[in-house]
S.K.: 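Below is a structure I'd like to ask you about.
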Amino acid sequence: MDAKLLQSLAGAGSQPPKEKGDVSLLEFLDLQQLNCLNESSEYSLKNLLASKSINTASNMWLQSDADEQLLLNITFNQTVRVKTLIIRSNDLAKAPKQIKLAVNRPNLGFEDVEDADEPGVAQIIDLSEDHVLKGDPIALRYVRFQAVNTLHIFVVNNHGNEDETVINAIDVIGLPVETTKDLSGLKPKEQ
Amino acid sequence: MPLEATMMVIDNSEYMRNGDYQPTRFDAQADAVNVVFQTKVDSNPENTVGIMSMAGKGAEVLVTHSKDLGQILQAIHKTSSKIGGEIDIPTAINVAQLALKHRENKNLRQRIIVFVGSPLDGQAADEKIMVKLAKKLKKNNVAVDIVCFGDGIEEPDSEGKTIMKSFVEAASSSDNSHLVIVPASSNLISDVLISSPVLSEDRSASIPAELGGTGGSGASGSGSNANEFEFGVDPSLDPELAMALRLSMQEAQAREAASAPSTTNNPTSQSSQMSGATPTIPADPTDDEEEAMLQQAIAMSTQEQDVDMDEDAPTPKPGEDDEMDEDEGEDEAIARAIAMSMEDSQGEKDKK
């Protein structure tokens with residue numbers, strides 16, 4: 001019994017089991033507020049996520065401009081719980097290596113996160129090759145992402161120390177919190 | 001109509017007391033600030049503009065994001081009594097960036113417009129530091145426009161580069177940052193700014209590129225005297241007039257070109273002949289740029305002529321004849337005059 005519990009706990013620690021009801025949170029994106037610092041004008045985050053689903057097209061990606069760092073600000077139209085993250089790149093050398101995640105920090109700039117450490121940022125993750133090449137889900141510290149309105153992903157560097165970072169696909173998986181903030185879908189009742 | 005939050009950084013160093021710009025450098029700059037503010041706010045009602053000074057006791061934010069002209073005027077008036085010290089561009093830009101970062105409306109793009117009227121000194125004179133700063137601005141999605149005037153105009157090095165030019169180039173992404181140089185002349189800084197790329201985007205999207213193009217940084221930057229424009233009229237100020245002028249010039253050129261082969265084949269003499277024939281053009285025909293444009297126009301008009309030759313075929317003839325008659329008449333008159341004067345002098349000699 002104890003062994004089983006321990007096993008399940010260990011399992012939960014490394015990789016939260018995919019529960020029923022987990023959905024891609026991209027459908028709750030607020031495209032108006034979506035922005036990314038240091039993105040190239042041609043290959044921007046807005047284009048990548050415009051379809052509100054994980055990108056599968058090969059001619060669309062997110063690319064950095066002045067140097068290898070990127071700061072993605074992903075705003076949702078309602079509060080969500082984020083469980084896992086998928087970041088995929090086709091080219092390992094240009095794939096993100098270390099990322100820092102922050103939650104609900106409007107006005108976030110590079111200088112705020114560059115030297116930040118936990119708990120200044122919600123979580124710092126070093127991405128493995130499997131994560132970025134195969135698009136393996138990246139487990140987050142669930143407790144720190146319980147009430148997310150805006151998720152900030154700061155890409156510190158890439159695997160090949162290139163001047164350019166490329167992200168081909170990105171997905172955020174979790175649960176919407178059960179409050180209705182988005183009223184745009186409501187229609188007046190017919191009488 | 002870009003959505004923009006703008007921060008204007010003005011120079012209030014001692015150099016601003018100089019009177020080489022009308023009436024003083026500071027007042028000329030204040031006028032330019034006024035125009036920039038109006039243009040930005042008019043182009044989109046959500047746009048905001050702030051203002052800060054970079055000399056005196058240090059960089060100082062005077063007004064953060066505002067749509068109220070009164071606040072800007074008040075700030076300038078207050079600063080006009082605080083002229084002194086030296087400018088510190090890197091600090092000022094960093095402060096401006098912070099002010100922009102905490103703007104209310106995140107949908108606004110960020111822009112800093114820096115007026116530089118004093119020589120670069122200290123950190124600002126170090127190209128490496130400035131380019132690094134520019135990269136940082138680019139990374140944070142901040143566009144920068146630099147307006148150089150008075151002592152702020154640098155002598156380009158052997159490769160024609162200046163620190164400010166490198167700075168703007170490093171900060172520019174998809175051509176959103178510009179450098180405008182305003183030499184001391186009868187031109188107001190605000191006039192040059194209106195026709196420069198700094199404000200052209202905000203002014204009117206309806207002006208065709210080929211008409212607005214002449215007001216580019218090349219013209220305003222390189223020209224030293226007033227009236228660098230083709231017809232002495234700023235095309236962006238009155239696009240319809242510019243269009244009419246251009247059309248009439250094209251027509252005149254078409255007529256000239258039709259009669260040209262009979263008189264001469266040399267395009268250079270053609271163009272100078274033409275600018276002589278149309279006295280409304282104040283431009284200097286020896287100007288290389290002008291020459292090239294004229295030749296291009298001639299080439300275009302001759303092409304057009306080829307297309308609808310059948311329709312226009314009879315029309316050039318009378319013009320041609322007139323032209324020849326005039327030429328001959330002139331030549332004859334001159335010959336006659338010379339002959340008469342020769343006769344006169346001979347007559348005088350005979351008398352003696």
Side-chain angles (χ1 to χ4, degrees), chain A residues 29-48 50 62-77 96 100 102-116 149-158 162-167, chain B residues 1-5 7 44 46-48 50 61 64-65 90-112 127-144 166-178 197 201:
Chain A
L29 278 183
D30 184 350
L31 290 176
Q32 290 276 311
Q33 301 285 324
L34 192 69
N35 72 73
C36 178
L37 291 182
N38 199 28
E39 63 181 355
S40 76
S41 50
E42 211 174 327
Y43 301 108
S44 66
L45 181 64
K46 265 206 171 116
N47 291 340
L48 190 73
L62 169 66
Q63 187 175 325
S64 66
D65 191 20
D67 59 12
E68 75 281 4
Q69 298 188 332
L70 280 168
L71 184 56
L72 292 74
N73 299 310
I74 301 171
T75 308
F76 300 98
N77 58 16
K100 295 183 184 180
V103 171
N104 302 345
R105 297 260 300 268
N107 297 329
L108 200 70
F110 283 104
E111 57 272 28
D112 304 319
V113 282
E114 234 152 33
D115 306 318
N149 286 314
T150 310
L151 178 68
H152 312 274
I153 306 173
F154 171 50
V155 178
V156 185
N157 49 21
N158 53 35
E162 298 269 337
D163 271 349
E164 242 171 32
T165 300
V166 172
I167 295 176
Chain B
M1 290 224 306
L3 264 175
E4 266 180 353
M7 199 72 198
N44 195 310
E46 280 188 63
N47 282 1
T48 61
V61 177
T64 52
H65 318 288
T91 309
I93 288 180
N94 279 323
V95 173
Q97 198 207 328
L98 264 185
L100 283 175
K101 191 177 157 191
H102 294 282
R103 66 203 184 280
E104 221 170 284
N105 183 352
K106 295 284 171 221
N107 290 328
L108 300 177
R109 303 205 144 255
Q110 307 166 71
R111 177 176 296 279
I112 301 175
E127 190 171 328
K128 264 191 193 154
I129 293 178
M130 291 305 277
V131 168
K132 204 175 156 198
L133 178 63
K135 283 258 155 59
K136 185 182 150 204
L137 292 175
K138 186 182 182 184
K139 217 171 138 181
N140 285 292
N141 257 347
V142 186
V144 196
S166 322
F167 178 74
V168 167
E169 273 168 12
S172 176
S173 74
S174 57
D175 200 28
N176 64 356
S177 303
H178 311 280
E201 212 176 314

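Within every chain, numbering begins at 1; the chains are lettered A, B, ... in the order of the sequence lines, protein sequences first and strands thereafter.
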S.K.: Would you indicate whether the side-chain heavy atoms of A/Ile167 and A/Pro96 approach each other to under 4.5 Å?
M.R.: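 In short, these two side chains touch, coming nearer than 4.5 Å.
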
S.K.: Can you tell me which portion of A/Glu42 sits under 4.5 Å from chain B's heavy atoms? Options are side chain, backbone, both or neither.
M.R.: neither

S.K.: Under 4.5 Å from any heavy atom of chain B, what part of A/Leu34 do you find: side chain, backbone, both or neither?
M.R.: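 The answer is neither part of A/Leu34.
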
S.K.: A/Asp65 versus chain B, heavy atoms under 4.5 Å apart: side chain, backbone, both or neither?
M.R.: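 For A/Asp65, the side chain is the part near chain B, not the backbone.
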
S.K.: Side-chain contact, heavy-atom cut-off 4.5 Å: B/Asn105 with B/Glu46?
M.R.: yes

S.K.: Just one of B/Leu100, B/Val95, B/Leu98 clears the side-chain contact (heavy atoms from CB on, under 4.5 Å) bar with B/Met7, so which one?
M.R.: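 Answer after filtering B/Leu100, B/Val95, B/Leu98: B/Leu100.
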
S.K.: Non-hydrogen atoms of chain B under 4.5 Å away: do they reach the side chain of A/Asp112, the backbone, both or neither?
M.R.: side chain

S.K.: What's the spacing between A/Leu48 CG and A/Tyr43 OH if we round to 0.5 Å?
M.R.: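 Reported value, rounded in 0.5 Å steps: 12.5 Å.
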
S.K.: Is any side-chain heavy atom of A/Leu71 less than 4.5 Å from a side-chain heavy atom of A/Asn38?
M.R.: no

S.K.: Below 4.5 Å from any heavy atom of chain A, which atoms of B/Asn107 appear? Answer side chain, backbone, both or neither.
M.R.: side chain

S.K.: Heavy-atom cut-off 4.5 Å, strictly under: side chain, backbone, both or neither for B/Lys139 against chain A?
M.R.: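 Both parts, backbone and side chain.
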
S.K.: Examine whether an atom of A/Asp67 lies under 4.5 Å from a heavy atom of chain B, and if so say whether it belongs to the side chain, the backbone or both; otherwise answer neither.
M.R.: side chain

S.K.: Determine the minimum heavy-atom distance between B/Ser177 and B/Ala171, stating which atoms define it.
M.R.: OG-O, 3.8 Å

